[in-house]
Amino acid sequence: MNIEHVLTSKVIAAVKQFYGVDIEAKDLQLQETRKDFIGDLTVVVFPITRYAKKSPEAVAEQLGEYLKRHIEEVRGYNVVKGFLNIEISSAYWLKVLNEISEDPKYGYLKEKSGRTIMIEYSSPNTNKPLHLGHIRNNLLGWSVSEIQKANGHKVIMVNLVNDRGIHICKSMIAWQKFADGATPERVGKKGDHFVGDYYVRFDKEYKAEIQELIGKGMPEEEAKKNAPIMLEAQEMLRKWEAGDTDTVALWQKMNDWVLKGFEETYEQMGISFDKIYFESQTYKKGRDIVLKGVADGVLYRKETGSIWADLTADGLDHKLLLRDDGTSVYMTQDIGTAYDRFQEFQIDEEIYVVGNEQNYHFQVLSLICKKLGFDWADKIRHLSYGMVELPEGKMKSREGTVVDADDLMQEMIDTARETSKELGKLEGYTEEEAEEVYRKVGLGALKYFMLKVDPRKTMLFNPEESIDFNGNTGPFVQYTYARIRSVLRKAVDSGLSMYESDIHLPISDKEQDLIKLIVKLPAIVKEAGDQYSPALLANYAYDTAKEFNQFYHDFSILKEENDEIRNFRLLLTKQCGEAIKSAMGILGIELPERM
RNA sequence: GGUUCAGUAGCUCAGCUGGAUAGAGCAACGGCCUUCUAAGCCGUAGGUCGUGGGUUCGAAUCCCGCCUGGAUCACCA
């Protein structure tokens, strides 16, 4: 039984006894005592004052006395204004620490919730490589999935690859015209980068043609529509949709190159999927559902034949669902795929990890699904995240200010290598072992930097700062963990055993603070799950690492002469490492044993 | 204009289901390597929590107005 529950129930009992009023746990405010005050937990008594008809101080005093008498673990209390600060005995914290040490996967909930959550993330286009924005998406999607798993839910991670459309045709046309039979293998380039180059090439040619037409006196708008290369791309899209054999074969070949490239990127990033959907196979979906919606009178048809949803009653506009020619649009597809997924899987929730530029889309999606009468309409959820900006301003592919995902990851690893070598770390490691550490540190820096920020917020990615391994960064947490492992290795080497700590000596405040942080982990995992926010876990890992660093600095561990104290500190060190490992592991950040 | 998200130290971010004197890191300045990893630790300095009202014992946190910035409002995806 956790001390907070005990306190809560006893306070309720006391209020009942003294003031004859029944209050509920949620009306009670029990919080951690602020650092500047003495105590561990604080009851805010202001809300109780109105039943008691006494001053806040008197109420606090009365409750404090009661708690001290009735709860063994309560060692003492003090009252400051309306705050009752309760001091918990060291014995309690030691007991909890011992309990935690028996849990091999501390921080992960053991009981299965029985809930299944589907998470769709990444969703790349197959015409160019992944960039900085995708990195945030991928890391968020992955860590949120892991957080939900840690909360005992079953998670199905899916990726919906956008492998069709005019943008793909642009790369295809440019390749046909300018590649002269080149392939990624022959050129020695990653497939997604290879294809992306032709996408850029298309844009260059397209712009040149527009200028040429304008030079001949054509208005800009018209020139954009009539540039020969654009007409070719549109023609290619028509051929693709008609199932033209050569076009489909080329499309297949180029998509395979790109997807192979993506696989490498995903692997380097440490993410994966349970199932991959391709838009080329799903883009016609949803049509029947929409037509049924018309029959049911939920949707309406215009004279020209197109089908719409009227959302003006909800403060939104009219939304197109089927074109005049009867083909689907993006929204229609999403309705269709969602429908299919709820048919195929027993899922209790579906989360889409998509940038906030699509907030409107998802608002409309859930509204229309509700109108269509689907009972799963309220089970879909948009995990919206803000854009990633650069110090110089926005990323623009046309202006060449895009930060490429592969390049960035490599740059981070290179910097980790340089820094590590400069500091003369990792002596005695083989080249291979050292490389593994550089990889963990470089990627850890990137991942932590991205995940520590509240997903909803637009974030600024400063490449230089992320490579600076000081402060609130992944490498700092990793470094702390490496030191913890080092201490534990040395303990083993010198034959020190680590048994349960049943010391009766009082432990210091610093040590108690550290235990309290360790104890908090499961609550943080739960909260992160409720809020779909890895940021909480990242900041928790940092807080714990920082607290450990102070402890490490102030107290001797291995050199402590008193066996009981040394063993206690070793156990504390070990569990601190476990807590950090769990938190970082859930975020998808690996921890090196040395660095 | 409609919808929506945000605005906290010079910079990047925590804190937001109302609670005590608003916290970190970076940058600046000053200390600490004969002692378990100095990618570290300690200290100094830095704030009208965008703004004006309201709700109450109490507001960075909740409500309303305003200001500023982002996103979005296609027979694109």
Side-chain angles (χ1 to χ4, degrees), chain A residues 26 29 31 33-37 42 44-47 49-50 56 80-83 85 123 125 162 164-167 279 283 302 304-308 312 314-327 329-331 333-334 355-361 363-364 384 386-387 389 391 394 416 419-420 422-425 441 445 449 452-454 456-462 464-466 468-473 475-480 482-491 494 530 535-536 538-539 542-543 546 549-550 552-560 569 573 594-595:
Chain A
K26 64 176 167 56
Q29 292 192 51
Q31 55 196 242
T33 303
R34 287 183 63 120
K35 276 245 151 69
D36 331 285
F37 298 91
T42 296
V44 184
V45 299
F46 290 106
T49 316
R50 58 189 164 121
V80 182
K81 290 192 275 181
F83 300 92
N85 300 321
S123 311
N125 290 350
N162 180 8
R164 65 166 284 277
I166 190 73
H167 47 287
E279 213 168 283
Y283 78 105
K302 272 192 186 174
T304 50
S306 55
I307 289 171
W308 298 74
T312 48
D314 298 281
L316 301 173
D317 291 329
H318 292 257
K319 179 74 195 173
L320 176 83
L321 291 170
L322 285 179
R323 300 191 184 95
D324 286 344
D325 62 9
T327 54
V329 294
Y330 180 37
M331 182 61 70
Q333 294 170 39
D334 262 7
N356 62 12
E357 70 271 14
Q358 293 198 30
N359 284 353
Y360 180 76
H361 172 80
Q363 200 185 340
V364 171
S384 167
M387 297 188 64
E389 286 177 358
K394 289 188 182 169
T419 309
S420 185
E422 236 168 70
L423 293 167
K425 306 268 177 171
V441 174
F449 196 89
K452 74 170 179 187
V453 182
D454 184 331
R456 290 169 305 178
K457 290 191 175 176
T458 302
M459 69 171 291
L460 186 87
F461 179 76
N462 184 336
E464 281 169 32
E465 203 175 296
S466 75
D468 183 1
F469 295 152
N470 287 313
N472 187 353
T473 64
F476 171 80
V477 180
Q478 290 173 316
Y479 173 66
T480 304
R483 287 215 287 210
I484 287 172
R485 300 302 297 174
S486 173
V487 169
L488 297 176
R489 271 196 305 273
K490 287 189 175 160
S494 45
D530 292 345
L536 288 168
N539 286 304
Y542 173 71
D543 288 344
K546 191 172 161 59
N549 262 300
Q550 291 167 10
Y552 178 88
H553 186 262
D554 293 350
F555 297 85
S556 50
I557 302 170
L558 296 169
K559 285 170 187 155
E560 171 58 45
R569 287 185 187 159
T573 300
R594 271 185 71 180
M595 67 182 276

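Predicted, not measured: the structure shown is a model, and the values here were computed from it.
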| field | Sugar-phosphate only, base, or nothing, as touched by A:Asp454 at under 4.0 Å among non-hydrogen atoms | value | sugar-phosphate
| query | Rounded to the Å, how far apart are A:Asn356 CG and B:C73 P? | reply | 12 Å
| request: Would you classify A:Asn85 as touching base, sugar-phosphate or nothing, given that sugar-phosphate means primed atoms plus P, OP1 and OP2, and contacts are heavy atoms under 4.0 Å? | output: base
| said: Can you tell me which nucleotide in B:A39, B:A77, B:U72 comes closest to the side chain of A:Glu357? | reply: B:U72
| If you look at every strand shown and take non-hydrogen atoms under 4.0 Å, does A:Asp324 touch a base, only sugar-phosphate, or nothing? | base
| said: Rounded to the nearest 0.5 Å, what separates atom CG in A:Leu321 from atom CD in A:Gln333? | reply: 11.5 Å
| request: Could you tell me whether A:Phe555 contacts a base, only the sugar-phosphate backbone, or nothing, with contacts defined as non-hydrogen atoms closer than 4.0 Å? | output: base
| Residue A:Arg483, side-chain atoms from C-beta onward, closest of B:A20, B:A38, B:A39 | B:A38
| message | If I take atom CG in residue A:Asp468 and atom P in nucleotide B:A28, what distance separates them, rounded to the nearest angstrom? | response | 11 Å
| With rounding to whole Å, what would you report as the distance between B:U17 and B:U51 at their C1' atoms? | 26 Å
| said: Regarding A:Ala482, tell me which of base, sugar-phosphate or nothing describes its non-hydrogen contacts under 4.0 Å with the strands shown. | reply: base
| task | Any chance you could measure A:Met459, atom CE, to A:Asn462, atom CG, to the nearest 0.5 Å? | result | 10.0 Å
| Any side-chain heavy atom of A:Leu460 within less than 4.5 Å of one from A:Val453? | no
| For the atom pair OG (A:Ser494) and CG (A:Leu558), what is the distance rounded to the nearest 0.5 Å? | 6.0 Å
| Can you check side-chain hydrogen bond (donor to acceptor under 3.5 Å, both in side chains) on A:Tyr330 and A:Gln358, steps first, answer last? | CA-CA 12 Å; A:Tyr330 180 37; A:Gln358 293 198 30; 2.6 Å; yes
| request: Determine the Euclidean distance between corresponding P atoms of B:C5 and B:C64; express it in Å to zero decimal places. | output: 11 Å
| task | For A:Thr304, answer base if it contacts any base atom (sugar-phosphate contacts may also be present), sugar-phosphate if it contacts only those atoms, and nothing otherwise; contact means non-hydrogen atoms under 4.0 Å. | result | base
| query | Which nucleotide in the list B:C36, B:G19, B:C41 gets nearest to the side chain of A:Phe46? | reply | B:G19
| message | Measuring only the P atom in each nucleotide, how far is B:G18 from B:C63? A whole number of Å is fine. | response | 11 Å
| query | Does A:Ser384 offer a backbone N or O that forms a donor-acceptor pair with the side chain of A:Arg456 under 3.5 Å? | reply | no
| task | Please report, rounded to the nearest Å, how far the C1' atom of B:G23 is from the CZ atom of A:Arg34. | result | 9 Å
| task | Dot-bracket for RNA chain B, please, read 5' to 3', with Watson-Crick or G-U wobble pairs under 3.5 Å on both distances, ( ) within the strand, [ ] crossing, | other strand, . unpaired. | result | (((((((..((((.....[...)))).(((((.......))))).....(((((..]....))))))))))))....
| field | Residue closer to the 5' end of RNA chain B, A:Asn359 versus A:Thr33 (nearest nucleotide) | value | A:Asn359
| field | Phosphate OP1/OP2 of B:A20 contacted by A:Lys35 side-chain N/O (<4.0 Å) | value | no
| message | Over all strands shown, is A:Ser420 touching base, sugar-phosphate only, or nothing at heavy-atom distances under 4.0 angstrom? | response | base
| query | On a whole-Å scale, what distance lies between the C1' atoms belonging to B:U3 and B:A9? | reply | 33 Å
| note | From OH of A:Tyr542 across to C1' of B:C13 the rounded distance in Å is 11 Å
| Presence of A:Tyr330 side-chain N/O under 4.0 Å of B:A74 phosphate oxygens OP1/OP2 | no
| message | With rounding to the nearest 0.5 angstrom, report the CG to NE2 distance, A:Asn125 to A:His167. | response | 4.0 Å
| said: Run the side chain to side chain contact (heavy atoms under 4.5 Å, CB included) test against A:Asp530 and tell me which residues pass, sequence neighbours left out. | reply: A:Lys526
| message | Between A:Thr458 and B:G70, is there a contact of a side-chain N or O with OP1 or OP2 at under 4.0 Å? | response | no
| How are the rings of A:Phe46 and A:Phe83 set relative to one another: parallel (under 30°), tilted (30 to 60°) or perpendicular (over 60°)? | perpendicular
| request: Report yes or no: is the ring centroid of A:Phe83 under 5.5 Å from the six-membered base ring centroid of B:G19, with the two planes under 30 degrees? | output: no
| said: Below the 4.0 Å mark, does B:U37 have OP1 or OP2 next to a side-chain nitrogen or oxygen of A:Lys425? | reply: no
| query | How close or far is atom P of B:C5 from atom OH of A:Tyr360, stated in whole angstroms? | reply | 15 Å
| Using a cut-off of 4.0 Å on non-hydrogen atoms, how would the nucleic acid contact of A:Arg50 be classed: base, sugar-phosphate, or nothing? | nothing
| task | On RNA chain B, check which nucleotide each of A:Arg323 and A:Arg456 is closest to and give me the residue with the more 5' one. | result | A:Arg456
| Within less than 4.0 Å of OP1 or OP2 of B:G7, is there a side-chain N or O belonging to A:Lys457? | yes
| Whole angstrom value for the distance that separates C1' of B:U35 from NZ of A:Lys559 | 5 Å
| query | NA contact type, A:Met459, heavy-atom cut-off 4.0 Å: base, sugar-phosphate, or nothing? | reply | sugar-phosphate
| said: Can you measure A:Leu558 atom CG to B:U37 atom C1' for me and round it to whole angstrom units? | reply: 12 Å
| Counting just side-chain N and O atoms, does A:Asn539 come under 4.0 Å of either OP1 or OP2 of B:G15? | no
| said: Over all strands shown, is A:Ile484 touching base, sugar-phosphate only, or nothing at heavy-atom distances under 4.0 angstrom? | reply: nothing
| message | Within the 4.0 Å heavy-atom criterion, would you say A:Ile557 contacts the bases, only the backbone, or no part of the nucleic acid? | response | base
| request: Using the P atoms only, state how far B:G43 lies from B:G23, rounded to an integer number of Å. | output: 14 Å
| message | Would you compute the distance between atom NZ of A:Lys319 and atom CD of A:Gln363 and round it to the nearest 0.5 angstrom? | response | 11.5 Å
| request: Any chance you could measure A:Leu316, atom CG, to A:Thr312, atom OG1, to the nearest 0.5 Å? | output: 9.0 Å
| query | Contact class for A:Val44 vs. all strands (heavy atom < 4.0 Å): base, sugar-phosphate, or nothing? | reply | base
| query | How far, in whole Å, is B:A22 from B:U48 if one measures between their C1' atoms? | reply | 14 Å
| said: Would you measure the distance from the C1' atom in B:G25 across to the matching atom in B:C67 and give it in whole Å? | reply: 30 Å
| task | Could you check which of B:A20, B:U3, B:U37 has an atom nearest any side-chain atom of A:Gln363? | result | B:U3
| request: Give the C-alpha distance, both sets of side-chain angles, the deciding distance and a yes or no for side-chain contact (heavy atoms from CB on, under 4.5 Å) between A:Tyr552 and A:Ile557. | output: CA-CA 8 Å; A:Tyr552 178 88; A:Ile557 302 170; 4.2 Å; yes
| Would you say B:C42 has OP1 or OP2 under 4.0 Å from some side-chain N or O of A:Gln550? | yes
| query | When we call it a touch if two heavy atoms are under 4.0 Å apart, what does A:Thr42 touch: a base, just sugar-phosphate, or nothing? | reply | base
| task | For B:C41 versus B:A59, give the span between their P atoms, rounded off to a whole number of Å. | result | 36 Å
| said: Classify A:Phe476 by what it touches in the nucleic acid, base, sugar-phosphate, or nothing, heavy-atom distance under 4.0 Å. | reply: sugar-phosphate
| said: Does B:A39 have its OP1 or OP2 closer than 4.0 Å to a side-chain nitrogen or oxygen of A:Tyr479? | reply: yes
| For the pair made of CG in A:Leu460 and P in B:C26, what is the distance, rounded to whole Å? | 17 Å
